[in-house]
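A short write-up of the structure that comes next.
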Amino acid sequence: MAKNYYEILGVDKSSSAQEIKKAYRKLAHKYHPDKQGGDETKFKEVNEAYQVLSDPQKKSQYDQFGSTFDQAGGGAGGFSGQGFDFSDLFGQGGFNFSGGSAGGFEDVFSDIFGGGRSQGRTQRGRDIHLEVTLSLKEAHEGVRKTISVTKQAECDHCHGSGAEPGSGTKTCPTCDGQGTITRQVRTMLGTFAQRETCSTCHGKGTIPEKNCTVCGGDGVNQKNEDLEISIPAGMSTGQTLEIPGKGEAAPHGGRPGNVYVTVTVENSSQFERRGEDLYQTIDIPFSKLVLGGKVEVETIDSEVTLTVPKQTQSGEVFRLRGKGMHRLHGRGLGDMYVTLRAQTPTNLSRKQKNLIKELQKEGL
Ligand SMILES: [Zn+2]
Ligand SMILES: [Zn+2]
């Protein structure tokens with residue numbers, strides 16, 4: 001019965017790659033033979049377990065069959081696991097593993113086991129970064145914008161397959177249908193077999209008999225496209241919206257990139273925005289501040305009536321609850337703060353002037 005690699009690393013099948021890596025690093029550190037209390041046997045076990053569980057393809061083989069094909073002697077994988085002889089690595093003197101400093105043991109290991117291998121099996125499309133300017137009202141209500149972009153998009157002729165429609169496929173001659181090629185890598189620790197995605201078939205194992213005559217086999221070409229962008233209510237200047245999968249298409253059927261839209265909200269001459277709240281100042285006649293009354297107040301999307309109590313001081317601030325900006329993600333609305341200010345009248349008629357004089361005599 002094969003060893004339980006999950007048990008060895010103290011993780012379980014649902015653990016993420018990150019968790020597995022973390023567990024491995026911790027144990028490799030602990031059992032390192034050059035350390036006091038190190039344990040070479042356990043150390044080898046830990047490394048063997050990590051070698052399998054850190055490789056998505058081997059891990060899935062192991063999960064399914066309880067071993068990897070390499071160990072079983074099958075020829076399915078390109079990685080010759082038997083080539084790992086750890087006594088070669090750690091038996092020799094003169095090489096100091098107990099680094100701990102930069103460039104120490106763990107870095108060497110991650111170069112061998114983690115670095116670069118099996119990553120980016122297929123290329124991901126590029127991200128597109130856009131900038132959009134909104135009026136304050138648009139920021140409040142949310143808005144749909146159509147933006148024309150030039151981008152790599154799926155080829156219409158072959159629908160991204162890269163094959164001329166009607167043509168068949170054949171086994172990739174470079175990798176002989178494996179999708180991967182094995183490369184011998186020499187390091188100071190010995191020679192390792194490193195598996196890489198085949199660059200001819202991009203891991204598929206097959207290639208078209210005839211490449212698409214429009215895109216030349218990449219499955220993508222340059223196009224102008226109208227992007228429909230739905231900007232949610234409540235965004236502020238500097239915030240960025242992510243639209244997954246709407247970026248450039250990747251050649252050879254890889255994942256498309258994302259679109260990132262960074263928002264700028266224009267200043268309004270009427271309202272000052274502070275977070276989700278809006279501020280405005282309204283000039284009203286002195287008499288209304290003294291006697292009280294009603295004032296029509298424009299909000300961002302409607303109008304409300306504000307009741308002014310009698311003997312209100314100029315400069316007094318009133319809060320209109322829920323009359324501010326929409327909060328992002330539908331979490332209600334901010335408030336509006338209205339400052340009432342006494343308006344000094346100009347161009348007075350003779351009668352008005354006389355009345356003001358009367359007031360003045362009364363000490364007002
Ligand atoms: Zn094409
Ligand atoms: Zn190939």
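Just so it is clear, the structure is predicted and the values come from calculations on it, not from any experiment. All ligand and atom numbering here is 1-based and tracks the order in the structure. Positions are given from 1, in the same order as the sequence printed here.
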Subject >> Pairing of Lys137 and Glu141 as salt bridge, 4.0 angstrom limit >> reply: yes
Subject >> SB check Arg195 Asp55 (cutoff 4.0 Å) >> reply: yes
Original post:
Looking at the Zn ion (ligand 1), is one of the N, O or S atoms of Cys215 less than 2.8 Å from it?
Top reply: yes
Original post:
N/O/S atom of His157 under 2.8 Å from the Zn ion (ligand 1), yes or no?
Top reply: no
Original post:
If the Zn ion (ligand 2) is the vertex, what is the angle to SG of Cys201 and SG of Cys172, rounded to 10 degrees?
Top reply: 120°
Subject >> Face-on cation placement of Arg274 at Tyr279 ring, 6.0 Å and 45° thresholds >> reply: yes
Subject >> Apex the Zn ion (ligand 1) - arms SG from Cys155 and SG from Cys212 - angle rounded to 10° >> reply: 110°
Original post:
Would a 4.5 Å heavy-atom cut-off, applied to side chains only, mark Val290 and Leu364 as touching?
Top reply: no
